[in-house]
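Note that the coordinates shown come from a computational prediction; the quantities given were computed from them, not determined experimentally.
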Amino acid sequence: MDDWLEQLQQSLNEAARESSNWFAEVSQQSNEAIEAWVDGSLEAIEAWEKALSPTLNTFNDQVDSAVDAGLLFLDQQVAPRIEEATAPLSNTITPWLQNHPTCIGCRNYHGTAYGDEMLVCGMHPYGPDDQTCADWESVWPKAEEASRR
């Protein structure tokens, strides 16, 4: 009976060794298959990237050109219209903030600093000397029409 138990133990040990070897072989083959798949995927991605790179660069250049054209349009067309539309407001508020109350609402008001000096307007570079200005013209169209009547 001892032989039978010993044979069973040897058979079980042999089965364990064979299954361990089989799992090691399957694991190695799986690792090799995964590595081959990863290498193939990387090659495919690199080829795809290489093929699309010129297209993406062209698209990027087109987007840059469109953005530049849009910014140029805004700078040349929209900004002057915004400045023109807001002139009555800026010519009314800014002189008051710059301590030139005589210039409030005047169309000729410039009020821009050049270096350390501010140009108030073309007729009075440093601002009018009196409380009134003979060159004052309204930025508000209705006020100008009313003054003509």
- Message: Under the criterion side-chain contact (heavy atoms from CB on, under 4.5 Å), I'd like the reasoning laid out for Cys103 against Tyr109: C-alpha separation, chi angles, the key distance, then a yes or no.
- Response: CA-CA 6 Å; Cys103 301; Tyr109 181 76; 3.6 Å; yes

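- Contact check for Val67 versus Leu71: side-chain heavy atoms found under the 4.5 Å cut-off.
- Here the straight-line distance linking atom OG of Ser19 with atom CG of Leu12 works out to 10.5 Å at 0.5 Å rounding.
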Can you give me every donor-acceptor pair (side chain of residues 32-50, partner residue at least two apart or in another chain, under 3.5 Å) with its distance?
residue, atom, partner, partner atom, Å
Glu32, OE2, Gln28, NE2, 3.4
Ser41, OG, Trp37, O, 2.8

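- Expressed to the nearest 0.5 Å, how far CG of Asn13 lies from CG of Leu8 amounts to 9.5 Å.
- Within the 4.5 Å cutoff, side-chain heavy atoms of Gln29 are placed close to those of Glu25.
- A 4.5 Å side-chain heavy-atom check between Met118 and Tyr126 finds every atom pair outside the cut-off.
- A chain of hydrophobic side-chain contacts below 4.5 Å, direct or via other Ile, Leu, Val, Met, Phe, Trp or Tyr residues, connects Phe73 to Ile82.
- Between Pro128 and Thr132, every side-chain heavy-atom pair lies at or beyond the 4.5 Å cut-off.
- Atom CD of Gln9 has 12 or fewer neighbouring heavy atoms from other residues, nucleotides or ligands inside a 6.0 Å radius.
- The nearest pair of heavy atoms linking Asp135 to His124 is OD2-NE2, 3.0 Å.
- Looking at residues two or more places apart in sequence or on another chain, you find no ring-ring contact (aromatic ring centres under 6.0 Å, His included) involving Phe23.
- Asp130 approaches Thr102 most closely through the heavy-atom pair O-OG1, 3.5 Å.
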Distance-only criterion, 3.5 Å: show the donor-acceptor pairs between side-chain atoms of residues 51-66 and protein atoms not counting sequence neighbours.
residue, atom, partner, partner atom, Å
Asn57, ND2, Ser53, O, 3.3
Thr58, OG1, Pro54, O, 2.8
Ser65, OG, Asp61, O, 3.0

Exercise. Go through the steps for Asn108 and Met123 under the test side-chain contact (heavy atoms from CB on, under 4.5 Å), then give the verdict.
Key: CA-CA 8 Å; Asn108 300 316; Met123 282 68 75; 3.3 Å; yes

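- Between the Arg107 side chain and the Ser138 main chain, a donor and an acceptor come within less than 3.5 Å of each other.
- For the pair Cys106/Val139, no side-chain contact is recorded, criterion being any heavy-atom separation below 4.5 Å from C-beta on.
- Closest heavy-atom contact between Gly105 and Trp136: O-CZ2, 3.5 Å.
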